[in-house]
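Below is one structure, written out as structure tokens; comments come after it.
Because the structure is predicted, anything quoted here is derived from the model rather than measured. What's counted below: heavy atoms across the whole structure, side chains too, no hydrogens, waters or symmetry copies. Order of the sequence lines sets the chain letters (A, B, ...), proteins ahead of strands, with each chain counted from 1.
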Protein chains: 2
Amino acid sequence: MDTARRPGRPPTIHRHDVLIAAVTVIDAEGLEALTMRRLGSALGVTAMSLYRHFDSRDAVLAAVVDFLAATVEFVPHKKWPETLRSFARGYREMLLNHPRAVALLATHPIDQQRGRELIAPLLDGFAAAGVDDERAVTIVQSVAVFTLGHALAQVGGEPPEPETAPYYDTWFDAGLTALLKGFA
Amino acid sequence: MDTARRPGRPPTIHRHDVLIAAVTVIDAEGLEALTMRRLGSALGVTAMSLYRHFDSRDAVLAAVVDFLAATVEFVPHKKWPETLRSFARGYREMLLNHPRAVALLATHPIDQQRGRELIAPLLDGFAAAGVDDERAVTIVQSVAVFTLGHALAQVGGEPPEPETAPYYDTWFDAGLTALLKGFA
DNA sequence: ACCTGAACACCGTTCAAGT
DNA sequence: ACCTGAACACCGTTCAAGT
């Protein structure tokens with residue numbers, strides 16, 4: 001089970017801890033506050049030790065993107081438009097839960113392999129309805145792109161005023177509904 | 001006509017020149033290459049003199065956003081869906097002409113006043129068709145958000161491979177058509 | 001193997017000084 | 001009024017050294 005002893009000093013920080021700390025810092029203080037020194041101090045370690053685990057600051061950011069993408073939740077339904085609607089809401093919920101990370105998600109594309117895995121359960125529903133794979137990917141990606149763009153408009157890099165939420169909720173629903181109807 | 005002499009030294013750089021230079025640097029070398037020192041040197045001036053014209057680097061970036069937004073072109077048609085399609089294509093064309101500025105456009109929302117002015121000609125077409133203003137704004141914004149999100153997916157911060165263009169063109173058209181059909 | 005201190009080459013920005 | 005040089009408080013990253 002790979003519990004064999006390994007030579008040398010055991011690590012005091014792990015990749016996963018670093019990512020948790022990174023998200024915490026971003027949520028609390030914003031993207032530009034996530035310096036290597038700041039991230040190190042959040043872990044009780046110097047900035048330089050992070051380079052044992054990540055190639056660069058940008059590698060940390062890319063890992064944060066994949067980490068957050070993996071937290072998107074949705075439930076499959078019998079009809080694919082319903083599944084897609086659930087996916088869009090789950091994706092948006094994750095984005096609004098991390099408003100200061102939205103610009104990061106927008107800038108750093110999700111790893112292609114990870115992206116495929118993420119939407120694989122969606123594609124099953126399309127196949128069952130006789131929609132070919134290429135068209136299904138177009139539809140899913142269109143919804144994803146609309147959702148991200150909409151979240152960008154809402155948060156604009158900083159957490160939005162709470163009282164504006166209903167306006168954006170209504171707008172999002174209208175756009176999503178139109179998109180799904182148009183693709184149906 | 002305001003040609004009266006003013007006291008003091010005449011400026012050697014003007015706001016407009018700074019913005020042109022900024023876009024040139026971004027297009028050629030990317031967003032993170034646009035440092036105050038680099039921008040100054042592109043204008044034959046030190047970084048510090050830029051602070052006479054802009055409050056901060058971020059103020060320069062915000063001005064670049066407004067500058068680029070103003071270059072979007074589209075032609076009005078009799079039917080609003082056609083006008084909207086023209087707007088979407090014009091917006092997208094601007095974005096793809098400045099791939100390394102797309103992340104900037106995504107991060108810095110267009111000034112609200114400027115945004116209203118930009119889409120004013122679009123709203124006229126809706127009013128003529130009896131669509132109320134609130135709904136018209138929702139539709140236009142939905143198209144804009146989809147277009148920006150799509151461009152982000154295509155360029156991802158760096159200029160995309162040219163041979164992938166047809167794929168993105170087809171996808172964009174499919175999404176835009178679905179959106180317009182859904183809103184019609 | 002992992003972590004650290006010192007160092008390098010940068011940043012944005014302020015401020016007093018020049019013309 | 002506008003531009004500059006020097007300076008401050010930061011960055012990301014490298015490297016030799018410690019344990």
- Message: Protein within reach of the bases, or only the backbone? For nucleotides 12-19 of chain C, mark each nucleotide 5' to 3' as B, S or -, using heavy atoms under 4.0 Å.
- Response: BBB---BB

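Both A/Leu176 and A/Tyr167 belong to a single network of hydrophobic side chains, linked directly or stepwise wherever heavy atoms of I, L, V, M, F, W or Y lie under 4.5 Å apart.
Residue A/Val45 is the one, among A/Val45 and B/Ala33, whose nearest nucleotide of DNA chain C lies closer to the 5' end (criterion: closest heavy atom).
Remark: B/Gln112 CD is loosely packed, at most 12 non-hydrogen atoms of other residues, nucleotides or ligands lying under 6.0 Å away. By the 6.0 Å contact criterion, CD on A/Glu29 is enclosed, its count of non-hydrogen atoms from other residues, nucleotides or ligands being greater than 12. Heavy atoms of other residues, nucleotides or ligands lying less than 6.0 angstrom from CG of B/Asp132 number more than 12.
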- What pattern of brackets, bars and dots sums up DNA chain C from 5' to 3', given Watson-Crick or G-U wobble pairs under 3.5 Å, [ ] for crossing pairs and | for another strand? ||.|||||...|||||.||

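Annotation: salt bridge (charged side-chain N to carboxylate O under 4.0 Å, His left out) contacts of B/Glu82 (sequence neighbours excluded): none. In this view, B/Ser86 satisfies the side-chain hydrogen bond (donor to acceptor under 3.5 Å, both in side chains) rule with no residue, not counting sequence neighbours.
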Donor-acceptor contacts, no H, no angles, side chain residues 98-105 of chain B, under 3.5 Å, sequence neighbours left out:
unit_1	atom_1	unit_2	atom_2	d
B/His98	ND1	B/Asp27	OD1	3.0
B/His98	ND1	B/Asp27	OD2	2.9
B/Arg100	NH1	B/Ala28	O	3.1
B/Arg100	NH2	B/Glu158	OE1	2.9

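Cation-pi geometry between A/Arg89 and A/Phe74 is not met: the NZ or CZ atom fails to fall both under 6.0 Å from the ring centre and inside 45° of the normal.
Within residues 12-20 of chain A, the residues that have a heavy atom under 4.0 Å from DNA chain C are, in order of number, A/Thr12, A/Ile13.
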